[in-house]
Visitor: 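Okay, handing you the structure first.
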Amino acid sequence: MDENKRQKLMKKIENHLRTTARKLVKFNTEGEALQYLVNSFREELECDLIAIVLKEGDHVVPTLYQGDFQRGIPHPPIAMANCLPRLFEGSTTFQEVEEDSPCLLIELLRKNGIKTWFSVPIKDQESEYGICMIGFRRYVSLLAEARQLFDDFGEDVALAITVARKKETQRRKMVGLEWLAQHFSLDTPLEQFVDKIVERAGKGTNAGGACMYLYREEDNSFVVHPLYTAK
C-alpha cells in the first residue's frame, strides 16, 4: 500500500473511532451502546465478524456478536486461564500470535474460517471489561500505526460501559422510589410496608423465598418478619 493510501486509511479509521466514541456515551444502556458499536464497525470496516467478549469473574463470554460466527456459539463461558493474556493487555493482531496458540478464543476464530483478525481490549485505568474482536475471512492488510488509536478507543468503550451501567443503576433506583411513592404514604403501617418490600424483593430476584429481619431493641434481638414464598 502506497503512503498516500495509508494516510487516507489512517485518517478514515481515526475519524470513525472518534465519531463512534462520542456517540457511545450518549446511550442509556450498556446493550444499546455495544449494539451500536457492533453495527458501526461492521458497516465501516466491512468485516465478516465482530464480537464483544466480556469478563464475568474468572471467565469470558462472547456476549454480542455479528457476522459469520456460527460454530461454537452458543457455548459455555471460557475460563480466562484458557485465553491468551495479551489479548486483554493491548491491541493484538493475528500476525503476533503463533498459529498453534492454545487460546480458546482464537480457536473459535479459526473454526469460523477467520483468516485476518485483531482484538482491542475494553479497559481503562479503573475497569477491565473484556475485548472486542474483529475478523475477516480474507487477508486484509492491517496498519501497525493504528494500534494506539484502537487502544485509546478501547478506553473510550470502557468509559461508555461505565457511564451506561451507572445510568442503569440510577434508573433502577428511580423506579424503586416511584414504586414506593405509588404504594405507600406516611400513614402506612410498618407491617404492611415490610410485607410489600419483602414480596417485591422476592419477585424481583425470582427467589423461592424471602424474608426480613427486624431489630427489636427491647431484648436486643432480631425477629423474622414476614416470610415470602414463591407460588
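Values reported hereafter were calculated over all heavy atoms of this structure, with side chains retained and with hydrogens, waters and symmetry mates removed.
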Visitor: Would you check if there is a donor-acceptor pair between the side chains of Arg42 and Asn39 at a distance under 3.5 Å?
Guide: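 Judged by distance alone, the side chains do not pair up.
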Visitor: Is there side-chain contact between Pro121 and Glu128, with at least one heavy-atom pair below 4.5 Å?
Guide: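 Answer no - side chains too far apart.
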Visitor: Atom CD of residue position Gln95 - does it have more than 12 heavy atoms of other residues, nucleotides or ligands inside 6.0 Å?
Guide: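 Yes, the 6.0 Å shell around CD holds more than 12 heavy atoms from other groups.
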Visitor: Check whether any side-chain heavy atom of Met133 lies under 4.5 Å from a side-chain heavy atom of Val53, and answer yes or no.
Guide: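 Yes. Closest side-chain heavy atoms under 4.5 Å.
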Visitor: Holding to side-chain contact (heavy atoms from CB on, under 4.5 Å), I want the full list of residues that pass it with Ser101, two or more places apart in sequence or in another chain.
Guide: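 Checked Ser101 against side-chain contact (heavy atoms from CB on, under 4.5 Å); matches are Leu84, Val97, Cys103, Ile106, Arg110.
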Visitor: Would you please indicate if the ring centroids of Phe27 and Tyr36 are separated by under 6.0 Å?
Guide: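 They qualify: ring centres under 6.0 Å apart.
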Visitor: Check for a donor-acceptor pair, side chain of Asn82 on one end and backbone N or O of Leu104 on the other, with a separation under 3.5 Å.
Guide: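 The answer is no, because no donor-acceptor pair under 3.5 Å joins these two groups.
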Visitor: Are Arg18 and Phe153 packed together at the side-chain level, in the sense that at least one heavy-atom pair is separated by less than 4.5 angstrom?
Guide: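 No, every pair of side-chain atoms sits at 4.5 Å or beyond.
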Visitor: Quick one: does Leu54's side chain get under 4.5 Å of Glu30's, heavy atoms only?
Guide: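 Touching, per the 4.5 Å side-chain cut-off.
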Visitor: Do NZ/NE/NH1/NH2 and the carboxylate oxygens of Glu155 and Lys123 come within less than 4.0 Å?
Guide: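 Salt bridge: no.
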Visitor: Does Val120 form a side-chain contact (heavy atoms from CB on, under 4.5 Å) with Ile131? I'd like the steps, not just the answer.
Guide: CA-CA 5 Å; Val120 181; Ile131 57 177; over 6 Å; no
Visitor: To the nearest 0.5 Å, tell me how far Met80 CE sits from Glu56 CD.
Guide: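 These two atoms lie 12.0 Å from each other.
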Visitor: Between Asn112 (side chain only) and Leu108 (backbone N and O only), is there a donor and an acceptor less than 3.5 Å apart?
Guide: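 Judged by distance alone, yes, a pair lies under 3.5 Å.
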Visitor: Quick check for you: to the nearest 0.5 Å, what is the distance between Cys47 atom SG and Arg137 atom CZ?
Guide: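 Output value for this atom pair is 12.0 Å.
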Visitor: So, Asp152 versus Gln148: side-chain donor-acceptor pair below 3.5 Å or not?
Guide: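 Result is yes, a qualifying pair exists.
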Visitor: Is there a side-chain contact between Val61 and Ile78 in this structure, where contact means two heavy atoms from C-beta onward sitting under 4.5 Å apart?
Guide: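 Answer no - side chains too far apart.
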Visitor: Looking at Thr92 and Gly90, would you say the former's side chain and the latter's main chain have a donor-acceptor pair under 3.5 Å?
Guide: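 Confirmed, Thr92 side chain pairs with Gly90 backbone.
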Visitor: If the condition is salt bridge (charged side-chain N to carboxylate O under 4.0 Å, His left out), which residues does Glu89 pass it with, not counting sequence neighbours?
Guide: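 By the salt bridge (charged side-chain N to carboxylate O under 4.0 Å, His left out) rule, Glu89 matches no residue at all.
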Visitor: I'd like to know if Leu37 and Ile13 are part of one continuous hydrophobic network [Ile/Leu/Val/Met/Phe/Trp/Tyr, side-chain heavy atoms within less than 4.5 Å].
Guide: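 In one cluster with Ile13: Leu37, yes.
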Visitor: Does atom OH of Tyr213 have more than 12 heavy-atom neighbours from other groups under 6.0 Å away?
Guide: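 No, not enclosed.
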Visitor: Between Phe136 and Phe94, is the ring centre distance below 6.0 Å?
Guide: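 Between Phe94 and Phe136, which both carry aromatic rings, the centre distance is not below 6.0 Å.
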Visitor: To the nearest 0.5 Å, tell me how far Asn15 CG sits from Leu149 CG.
Guide: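 Here the rounded value is 10.0 Å.
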Visitor: Between Ile122 and Phe88, is any pair of side-chain heavy atoms under 4.5 Å apart?
Guide: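 When only atoms from C-beta onward are counted, Phe88 and Ile122 do not touch, as no gap falls below 4.5 Å.
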Visitor: State whether Glu145 and Arg6 are salt-bridged, where the test is any N-O pair (Lys NZ or Arg NE/NH1/NH2 against Asp/Glu carboxylate O) under 4.0 Å.
Guide: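 A salt bridge links Glu145 with Arg6.
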Visitor: Answer yes or no: is there an ion pair linking Glu96 with Arg147, defined by an N-O contact shorter than 4.0 Å?
Guide: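 Looking at Arg147 together with Glu96, the answer is yes, because their closest N to O distance falls below 4.0 Å.
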Visitor: Shared ILVMFWY cluster between Leu34 and Leu159, side chains joined below 4.5 angstrom?
Guide: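 Different hydrophobic clusters.
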Visitor: Does this structure show an ion pair linking Asp48 with Arg138, if we count only N-O contacts that are shorter than 4.0 Å?
Guide: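 Yes.
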